2 protein chains.
Amino acid sequence: MTKQRAVILEVIRSDMCHHTADEIFTLAKERLPGISRATVYNNLKALESAQLIRRITGDSLSDRYDNSYVPHGHMICEECGQVKDFNLSNFDKQLSDAIGSEFNSYELKVRYVCDVCKQNECAKTAGE
Amino acid sequence: MTKQRAVILEVIRSDMCHHTADEIFTLAKERLPGISRATVYNNLKALESAQLIRRITGDSLSDRYDNSYVPHGHMICEECGQVKDFNLSNFDKQLSDAIGSEFNSYELKVRYVCDVCKQNECAKTAGE
DNA sequence: TAATTTTTTAGAATTATTCTAATTTTTTCA
DNA sequence: TGAAAAAATTAGAATAATTCTAAAAAATTA
């Protein structure tokens, strides 16, 4: 665990946001000005192999990183892009039944419009 | 519906594979040698907006396209990369309950090892 | 401490995708 | 039908995320 790796992990754990590699690079740079982009990418990979974080793909152009390795759902607001976590009870069992096999992990993303944006939408529509 | 768009849609519908944009470009080129990459990308977007196909993100570096717009699960073998479809019954209800809101779509990917690869793995292990 | 291994760094290279501007095709409707 | 307008296509340049490379630095081992 080098100091670069420690800082990267701290950045990811410091809030509930699901940051992109580039955001993590920027945040890590505040504490370790000399850090290089390649180091961030290398360590994100290493941390995922070590099951300390989880990569979540496909929300935007760039991948994001979750501070928990345990699979769970992500709900993504289509208006503001905010990502929240959620859980389904007994989902592992349900999933292995459905695919007829054990599995290693899953990724579940739901696209919706969050309450705040829903209100704004109504406001916008009403104003027209 | 231009002839380029028709060919792209045919390519996607011609088999059960979930092709990448680049594969679709190559396959479309066989039938329409002058077709351009930009046309493929433009039309994949247009076809998705028209709800005729669905983009699936994050399986590999490049996005893939599904010949059905209706959300369903994808099970991805971690060894050979093959993608299969699967369904969960009553999943829509379960999902909206879990997130406490209606949603627009979801994406569910399960990583596992398919039967064929599982056997090969055993064979490999046994041979060592 | 010396030797070896691992990590980091800066920047080049690669890959997927988007953008641009010119051209072609399609559509509209007089 | 045919001129005008709108939409789609093309080739290639531009962009953005990520990976690669080779040299330097740091950490580990003996």
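Here the structure is a predicted model, which means the values were calculated and not measured. Note on naming: letters A, B, ... go to the chains in the order of the sequence lines (proteins, then strands), and numbering restarts at 1 for each one. Both backbone and side-chain heavy atoms feed into the values below; hydrogens, waters and symmetry mates do not.
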Practice prompt. Could you tell me whether the phosphate oxygens of dT8(C), OP1 or OP2, come under 4.0 Å of any side-chain nitrogen or oxygen in T2(A)?
Written response: yes
Discussion item. Side chain of K45(A) only, heavy atoms from C-beta on: which candidate in dT19(D), dT17(C), dT10(D) is closest?
Written reply: dT19(D)
Worksheet entry | Spacing of L32(A) atom CG relative to dA25(D) atom P, expressed in whole Å | 16 Å
Worksheet item: For E23(A) and dT18(D), what is the distance between atoms CD and C1' respectively, to the nearest whole Å?
Response: 16 Å
Discussion item. Please report the distance, rounded to the nearest Å, between CD1 in I8(B) and C1' in dT10(D).
Written reply: 13 Å
Discussion item. Rounding to an integer number of Å, can you tell me how far R5(B) CZ sits from dT25(C) C1'?
Written reply: 13 Å
Discussion item. Only pairs with both distances under 3.5 Å count, Watson-Crick or wobble alike; so what is the partner of dT9(D) in this structure?
Written reply: dA22(C)
Worksheet item: How long is the line joining CG of N43(B) and P of dT17(C), in whole Å?
Response: 15 Å
Item to complete: Starting from the 5' end of DNA chain C, give me the residue, K3(B) or G34(A), whose nearest nucleotide shows up first.
Response: G34(A)
Item to complete: Using the closest heavy atom to pick a nucleotide of DNA chain C for each, name whichever of T20(B) or S36(A) lands nearer the 5' end.
Response: S36(A)
Item to complete: Look at atom CD of Q94(A) and say whether more than 12 heavy atoms of other residues, nucleotides or ligands are closer to it than 6.0 Å.
Response: yes
Worksheet item: Rounded to the nearest Å, what distance is computed from the NE2 atom of residue H19(B) to the P atom of nucleotide dT17(C)?
Response: 15 Å
Discussion item. With a 4.0 Å cutoff (strictly under), does any side-chain N or O of T39(B) reach OP1 or OP2 of dT10(D)?
Written reply: yes
Discussion item. If you compare all heavy atoms of I35(A) against all heavy atoms of F25(A), which two are closest, and at what distance to 0.1 Å?
Written reply: O-CE1, 3.4 Å
Worksheet item: If only side-chain N and O atoms of Y41(B) are considered, is one of them under 4.0 Å from the OP1 or OP2 phosphate oxygen of dT18(C)?
Response: no
Discussion item. Mind checking if D22(B) touches a base, just sugar-phosphate, or nothing, with heavy atoms under 4.0 Å?
Written reply: nothing
Worksheet item: With respect to the phosphate group of dT25(C), does any side-chain polar atom (N or O) of Q4(B) fall under 4.0 Å of OP1 or OP2?
Response: no
Worksheet item: Considering only side-chain heavy atoms of R37(B), which listed nucleotide, dG12(D), dT18(D), dT17(C), is closest?
Response: dT17(C)
Practice prompt. Give the ring-plane orientation class for F91(B) versus Y106(B), where under 30° counts as parallel, over 60° as perpendicular and anything between as tilted.
Written response: perpendicular
Worksheet item: Nearest-Å distance, CG (N42(A)) to P (dT21(D))?
Response: 13 Å
Discussion item. Rounded to whole Å, how long is the line connecting atom CG of L44(B) with atom C1' of dT9(D)?
Written reply: 14 Å
Worksheet item: Should we say atom CE of M16(B) is surrounded by more than 12 heavy atoms from elsewhere, each under 6.0 Å from it?
Response: no
Discussion item. Whether the N43(A) and Q4(A) side chains hold a donor-acceptor pair (N or O, under 3.5 Å, no angle test) is what I'd like checked.
Written reply: no
